[in-house]
2 protein chains.
Amino acid sequence: MSKTRSRRGGGRPTIADVARRAGVGAITVSRALREPGRVSEDLRRQIQAAVDELGYVPDPNARALASARAEVFGVLVPSLTNNVFAEVVRGIYDSLSDSPFRIQLGNTHYSGLEEERLLQVFGPQRPAALIVAGIDQTPTARRLLETAGCPVVQVMETGPDPVDMLVGFSHLEGGRAATEHMIEAGYRRIGFIGARMDPRSQRRLAGYRTAMETAGLFDPRLVTTTPVPSSVPLGRELFRDALAKVPTLEGVFCNNDDIALGVLFECHRAAIAVPKTIGITGFNDLDMMQSAFPSITSIRTPRYEIGRRAVAMALAAISRKRPEQRIVDLGFELRRRESTAR
Amino acid sequence: MSKTRSRRGGGRPTIADVARRAGVGAITVSRALREPGRVSEDLRRQIQAAVDELGYVPDPNARALASARAEVFGVLVPSLTNNVFAEVVRGIYDSLSDSPFRIQLGNTHYSGLEEERLLQVFGPQRPAALIVAGIDQTPTARRLLETAGCPVVQVMETGPDPVDMLVGFSHLEGGRAATEHMIEAGYRRIGFIGARMDPRSQRRLAGYRTAMETAGLFDPRLVTTTPVPSSVPLGRELFRDALAKVPTLEGVFCNNDDIALGVLFECHRAAIAVPKTIGITGFNDLDMMQSAFPSITSIRTPRYEIGRRAVAMALAAISRKRPEQRIVDLGFELRRRESTAR
DNA sequence: GAAGGAGATGGTAGCGCTACCAAGAAACTG
DNA sequence: CAGTTTCTTGGTAGCGCTACCATCTCCTTC
């Protein structure tokens with residue numbers, strides 16, 4: 001019908017339709033929608049009425065092209081099924097649900113190369129911000145982050161030298177605190193059981209080692225690790241291995257709660273008394289740890305809060321009010337429970 | 001330097017730069033990249049060389065605007081932390097990782113209204129396909145799906161009347177199979193324990209009820225449910241409630257594995273023998289069920305496979321080869337374990 | 001060998017929006 | 001009250017790409 005309208009587009013109203021209807025210029029409609037403060041009360045109302053009548057919704061693709069900036073947060077995590085990252089992601093989602101920002105989530109599978117690839121995919125889209133897990137990017141990935149031209153928040157860890165901003169906690173200190181707690185509780189031959197052994201697990205191991213060495217208790221045979229992805233069944237297996245290696249084992253600090261739960265089940269099956277014969281400490285404090293029988297000591301980590309804080313920092317940076325603190329340490333908390341109450 | 005180049009854009013090479021360098025028209029570059037078969041071998045090589053030299057990457061936003069179609073899959077799930085959906089999402093990601101498609105994941109929080117809102121956000125972006133969990137959309141959400149102008153795959157369930165395509169399994173049959181198994185194992189006063197009670201849980205309950213009624217065993221007091229989100233601690237609580245209501249309880253079919261695990265832990269704590277005094281059956285068969293002590297009977301659901309299949313169907317529809325089957329039932333599998341071996 | 005068809009390439013004209021600049025009106029300055 | 005600043009509004013010119021149509025070759029076909 002009308003001259004140019006809706007040839008290729010799906011016939012949805014455009015900003016020009018709204019402008020015509022409201023009797024203003026297209027640019028004024030654009031402004032009324034994005035910076036209402038810069039348009040007079042009168043026109044704003046008129047424009048809003050036209051928008052409502054037509055059911056106008058701005059085209060995000062056209063917006064992104066014209067402004068060279070998409071209203072998208074790129075989020076990169078190593079795993080989607082690992083509850084730990086799921087919680088971080090949930091924090092991110094909850095913080096962004098009232099904003100215009102959409103979320104594009106990438107799964108790196110704990111691979112630096114895959115992380116690079118995803119950054120190469122995300123970059124050309126010109127996201128408003130990037131949130132990535134960890135601080136151990138490959139040099140290439142780090143360069144991609146530095147040149148992304150948007151705020152970048154690394155999450156889950158602390159460290160001295162973030163690409164841009166950083167929020168998390170110290171896995172090394174967490175590992176140390178867990179181990180020291182077990183030593184204080186009277187355990188001596190304390191093993192470390194770890195699966196996957198990504199950089200964060202490595203740091204927990206380093207914390208364990210520091211604590212054990214300080215107490216003069218370290219023995220490499222106490223350490224049992226595997227690159228295999230973590231799971232409850234694997235926890236059982238690794239504990240059997242650990243026990244076979246060191247039959248006098250008195251306790252284990254586990255890489256994470258899945259492994260700890262596997263250890264607990266294996267103890268039940270082998271009729272090993274917990275905490276008397278074997279003490280168990282987990283990491284992350286999933287909610288099942290307090291329900292287990294016996295309940296399992298763990299390090300509570302602020303996963304959801306990390307997600308929220310990361311978004312808050314990114315949002316601040318986007319609005320050019322960079323947060324005073326570029327590095328935020330949210331800490332962790334030792335939850336003492338029955339599994340280490342000797 | 002050059003006339004028009006990189007005023008607003010970040011100075012990245014554009015398709016025109018590539019065309020100039022390769023000595024061809026811009027449109028030919030576009031074609032060489034998207035439909036290599038339609039460009040002669042010679043030019044294709046020339047163009048590829050120019051692309052490599054310049055490090056050209058197409059701008060996805062410009063592409064989306066010009067073609068009125070974004071290379072994005074919209075995915076809507078009710079929860080990000082629930083392992084069940086995490087597995088579906090993982091299947092989707094793994095199937096899409098080698099494709100040009102990006103993924104935009106929305107979290108509906110089990111809310112129909114939130115689902116509508118997200119569809120309203122996703123729609124204007126003109127995604128290549130939409131994957132949504134469940135078949136219980138509000139009328140508005142359903143209309144949004146029907147008018148999205150792209151393939152739509154509903155997942156997790158079966159049913160007669162999908163918006164477009166559907167892949168999943170029958171929760172009702174799953175609930176029935178679980179209950180029948182317990183009846184066959186010799187349990188009589190079998191309770192149902194359910195949290196959240198979303199539509200899928202309701203159908204599992206319906207399956208339980210059918211089986212119990214058929215066997216002449218149904219009693220409304222055996223059913224314990226709550227709208228509260230599911231968790232292991234909640235499983236313990238609900239089991240205590242159920243037992244208080246019906247002290248002669250012989251077994252429970254749980255809504256899901258978290259609840260089942262909570263029940264198991266409560267049995268341990270209360271020194272109730274499993275499976276002798278109480279039998280337990282879960283739903284979904286998370287990997288910890290086989291490791292638990294005693295191991296827990298559960299209904300294995302094809303979550304990862306559902307994600308993969310959904311993508312396969314969507315991809316087929318995108319390339320205009322709609323799959324022969326619009327509705328795919330992937331079934332489930334009863335895993336008999338110690339917790340019901342009376 | 002003329003007519004018709006298939007394949008390869010390019011030009012033009014947008015997709016729907018916003019950056020940039022300009023211009024007029026209103027408010028302020030000394 | 002001329003000169004300057006601030007506020008409001010609009011026009012123009014793209015952002016980087018692809019749909020559509022036109023053109024030109026090179027085969028077929030009878």
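We name chains A, B, ... by the order of the sequence lines, and we start the count at 1 in each one.
Salt bridge annotation for A/Glu71-A/Arg102: absent, with no cationic side-chain nitrogen under 4.0 angstrom from a carboxylate oxygen. Salt bridge status for B/Arg117 with B/Glu114: present, with a side-chain N to carboxylate O gap under 4.0 Å. Ion pairing between a basic and an acidic side chain is recognised when a charged N comes within 4.0 Å of a carboxylate O; B/Arg143 and B/Glu146 show no such pairing. The residues A/Glu35 and A/Arg38 are annotated as salt-bridged, a charged nitrogen and a carboxylate oxygen being separated by less than 4.0 angstrom.
Residue A/Arg34 contributes atom CZ, which lies 14 Å from atom C1' of D/dT9 at whole-angstrom precision. Atoms CZ (B/Arg126) and C1' (D/dA19) sit 14 Å apart, rounded to a whole Å. Here C/dA22 presents its C1' atom at 12 Å from CZ of A/Arg31, a figure rounded to the nearest Å. The interatomic distance linking B/Glu35 (CD) with D/dA19 (P) rounds to 8 Å, in whole Å. One interatomic measurement links the two molecules: CD1 of A/Ile27 to P of D/dC15, which rounds to 16 Å at whole-angstrom precision. What separates CD of A/Glu41 from P of D/dC7 is a distance of 17 Å, to the nearest Å. Atom P of nucleotide D/dG11 and atom CD1 of A/Ile15 are separated by 13 Å, given to the nearest angstrom. To the nearest angstrom, C1' of D/dG10 lies 16 Å from CZ of A/Arg20.
Of the listed nucleotides (D/dC17, C/dC17, C/dA19), C/dA19 has the atom at the smallest distance from the side chain of A/Ser67. The nucleotide whose nearest atom lies closest to any side-chain atom of B/Tyr56 is, among C/dG10, D/dC17, C/dA8, D/dC17. Listed candidates were D/dT9, C/dT9, C/dC17. Nearest to the side chain of A/Ala62 is C/dC17. Of the candidate nucleotides C/dG16, D/dT18, D/dT9, D/dT9 has the atom lying nearest to any side-chain atom of A/Leu43. If you check D/dG16, C/dG10, C/dA19 against the side chain of B/Leu65, the one that comes closest is D/dG16. Residue A/Val24 has its side chain nearest to D/dG10 when only D/dT9, C/dT9, D/dG10 are considered. In the set D/dC15, D/dG11, C/dC15, the nucleotide with an atom closest to the side chain of A/Ala66 is D/dC15.
The side chain of B/Thr28 contributes an N or O atom lying less than 4.0 Å from OP1 or OP2 of C/dG10. Proximity of B/Arg38 to the phosphate of C/dG7: no side-chain N or O atom is located under 4.0 Å from OP1 or OP2. Between B/Ser30 and D/dC17, a side-chain N or O to OP1/OP2 separation shorter than 4.0 Å is absent. Contact annotation: B/Thr14 side-chain N/O to D/dC15 OP1/OP2 distance is not under 4.0 Å.
Donor-acceptor pairing under 3.5 Å, judged by distance alone, is absent between the side chain of B/Arg12 and the base of D/dG16.
The side-chain heavy atoms of A/Leu166 and A/Val328, taken from C-beta on, include no pair separated by under 4.5 Å.
For the strand DNA chain C, secondary-structure stems (runs of at least three Watson-Crick or G-U pairs, all distances below 3.5 Å) span C:1-30 with D:1-30.
Considering all non-hydrogen atoms of both residues, B/Glu115 and B/Ala133 come closest at OE2-O, 4.1 Å. Of all non-hydrogen atoms in A/Pro124 and B/Val57, the two that sit nearest each other are CG-CG1, 3.6 Å.
Expressed to the nearest 0.5 Å, how far CG of A/Leu144 lies from CD of A/Glu116 amounts to 7.0 Å.
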